[in-house]
Each structure stands twice: as structure tokens, then as C-alpha cells.
2 protein chains.
Amino acid sequence: MYTEQQKEIALFAKVFGHPARVAILQQLFKIDACYCGDLSEEIGLAQPTISQHLKELKTLGLIKGTVEGVKVCYCIDRENWTKMKTVMHQFLDQDIPKADCC
Amino acid sequence: MYTEQQKEIALFAKVFGHPARVAILQQLFKIDACYCGDLSEEIGLAQPTISQHLKELKTLGLIKGTVEGVKVCYCIDRENWTKMKTVMHQFLDQDIPKADCC
DNA sequence: AATATTAATCGTAATATTGCAATTAAACAA
DNA sequence: TTGTTTAATTGCAATATTACGATTAATATT
């Protein structure tokens, strides 16, 4: 039905398609690492909700979490983030036709 | 709850979060202009479904449609596509911390 | 005017997403 | 061991998305 590339682009885009996940990622970029509870406070969503969003980001490989005692430290997965960027840039930076056709 | 920027990123990403819309956009890039019916055949979804996806893309301003007799010609809105890219690049190209923290 | 062609809209069923309270699990502290 | 803290999981209600048949609207053709 769709090419693998189209499905991959859609999957990455979908995970960015909710402001809570955008906010989580921006926070991880900003402070480098963060605990689930801190994100819950910072963003203003209940802990299970944040946990769910973190899971989706982790499933796609964009973040990783390490158990630190009773907490879990989350951070951007640099390697996979870079790979994702390649895919998204390829899509976003397609050659635009020189002139509007209509 | 969320910043305007976060909401804007999420809105753009959301519209890319379905392979049908990715396919539509790639087709518009490829052939420069396309009729709704042609997209329906090319992509393999019913005409009302394509029409609905086109509407979402149009609402965000990423494409525009011009009535040509009994058909409607769709194409990428170059100006808005460029603006969208600025927003998305700002998000995707954030400085990644030098080292993994966990 | 009657017919044909194309796209938009409506209505609706199926599915997916989101958010959270309640609970469970895991690690630490006393 | 017993409690404490933090995060994951479960269950569920509310909402949103997706797809399409049927219909409508608009333009063109005969």
C-alpha cells in the first residue's frame, strides 16, 4: 500500500504530532537528562500520561532511559535522533518546483 | 499548557503522521500538479478519502487547489512549505548534547 | 434541458489516541 | 521487615481519526 519510506516518515512524524511529546523532547534537549517525575511537573500532565508518551518515544528509539535507583533518567538517543533527521530532511527538503502551477 | 511553537510543530507533524498524506505530498512534488482523481488512483484510496486528506493539507496551507473546469488541480504551496520547513528544522536540528548522559 | 464527469460533503462504523485514577513493581531507607 | 519513593502498567471513558458509500454541487458536453 505504501512504501517503507512513506511509512517510516509517517511514524516519526506521528510521534511529533502531539505537543506533549514535543515538550518532552525540548526539555530533554534543554537539560540534557530528566526524570519522569520532573517532566510530569514541568509539563503539567499526570505521571502515567508522561510515562505513556515516554514509552512511545522510546519505542521509536528517539530517547533512552536508564534506571538510577528509584528514578529513571531519560535522555535523547543521539545516534537514532541523527538517523531520524536524515529521513525527515529527505522528505522536507525535496526540490520544490520553480513556479507555482496553479 | 503548551507554547505556540510546540503547538505549531505538533500540528505540522501531525499532518505528516499518516502515510497517505506523505504519499500525496511526494506525488505532488514528483509531478508538480495533480488532480484529486489521479491521486485516488495512484495511491489506492477512495476519492472521498483522498479529498479529506487534501483538505487537511490545504487547511495547513501546505498545498493549494485551483478549479480547472470539472477538475481541481492541486500543488505544493511553495511559500508555506518553506515556512513550515523553518519551523520543523528549528525543532529537528536542536543542538544535541555532546555525550549520552545515560 | 438532459447527461456526464469530477470533487466536496454527509453520515457512519471501525479503530486509535489521549488522559488519568487506581494499582503494581522495583529500588531504596529506616 | 516495613515503609517510602518513583515509574510502569492496567482499565476505562472521552475524544479524534480514518475510510468509504451515498449524496450533493459544480462544471462541461451533447
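Lettering follows sequence order; numbering is per chain, from 1.
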If you count every heavy atom of other residues, nucleotides or ligands that lies below 6.0 Å from [X] atom [atom1], does the total exceed 12?
X       : atom1 : value
A:Lys30 : NZ    : no
B:Asp93 : CG    : yes
B:Glu68 : CD    : yes

Within the structure provided, determine whether [X] and [Y] are in side-chain contact (heavy-atom separation under 4.5 Å).
X       : Y       : answer
B:His89 : B:Val87 : no
A:Lys58 : A:Lys64 : no
B:Gln26 : A:Phe91 : yes

Open item on the list: Checking base pairs now: Watson-Crick or wobble, both atom distances under 3.5 Å. What partners D:dT30?
Closed with: C:dA1

[N] [atom2] sits how many Å from [X] [atom1], rounded?
X       : N      : atom1 : atom2 : value
A:Asp38 : D:dT5  : CG    : C1'   : 13 Å
B:Leu39 : C:dA7  : CG    : P     : 9 Å
A:Ile50 : D:dT6  : CD1   : P     : 16 Å
A:Phe16 : C:dT18 : CZ    : C1'   : 19 Å
A:Lys55 : C:dG19 : NZ    : C1'   : 15 Å
B:Leu54 : C:dA8  : CG    : P     : 7 Å
B:Gln52 : C:dC10 : CD    : P     : 12 Å
B:Leu57 : D:dT17 : CG    : P     : 14 Å

Task: Qualifying residue, where the test is side-chain contact (heavy atoms from CB on, under 4.5 Å) with B:Tyr2 and the options are B:Glu4, B:Gln5, B:Gln6 - done: B:Gln6

Open item on the list: Going by side-chain contact (heavy atoms from CB on, under 4.5 Å), A:Tyr74 matches just one of A:Leu54, A:Asp38, A:Ile24. Which one?
Closed with: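 The single option meeting the side-chain contact (heavy atoms from CB on, under 4.5 Å) with A:Tyr74 is A:Leu54.
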
Open item on the list: What contact category does B:Lys14 fall into here, base, sugar-phosphate, or nothing, at under 4.0 angstrom with non-hydrogen atoms?
Closed with: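 Sugar-phosphate, backbone atoms only, no base.
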
Open item on the list: Near DNA chain D, counting only heavy atoms under 4.0 Å, which residues of residues 23-30 of chain A show up?
Closed with: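 Going residue by residue through residues 23-30 of chain A, none turns out to have a heavy atom under 4.0 Å of DNA chain D.
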
TODO: May I ask you to list the residues of residues 40-49 of chain B, by number, that have any heavy atom positioned under 4.0 Å from an atom of DNA chain D?
DONE: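 Heavy-atom contacts with DNA chain D come from B:Leu45, B:Ala46, B:Pro48, B:Thr49.
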
Are OP1 or OP2 of [N] and a side-chain N or O of [X] less than 4.0 angstrom apart?
X       : N      : result
B:His18 : D:dA19 : yes
A:Ser51 : D:dA7  : no
A:His53 : C:dG19 : yes

Task: Closest contact, heavy atoms only, B:Leu25 versus B:Leu57 - done: CD1-CD2, 3.8 Å

Open item on the list: Angle between ring planes, B:His18 versus B:His53, binned at 30° and 60°: parallel, tilted or perpendicular?
Closed with: tilted

Open item on the list: Using a 4.0 Å cut-off on heavy atoms, which residues in residues 67-77 of chain B reach DNA chain C? List them by number, or say none.
Closed with: B:Val70, B:Lys71, B:Val72, B:Tyr74

- [ ] Taking the six-membered ring of B:Tyr35 (Phe, Tyr or Trp), confirm whether the NZ or CZ of B:Lys71 is under 6.0 Å from its centre and within 45° of its axis.
- [x]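 Checked: cation-pi criterion met.
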
Open item on the list: A:Trp81 vs A:Phe12, test: ring pair (Phe, Tyr, Trp, His ring centres under 6.0 Å). Steps then yes/no.
Closed with: CA-CA 10 Å; A:Trp81 186 269; A:Phe12 281 132; 9.0 Å; no

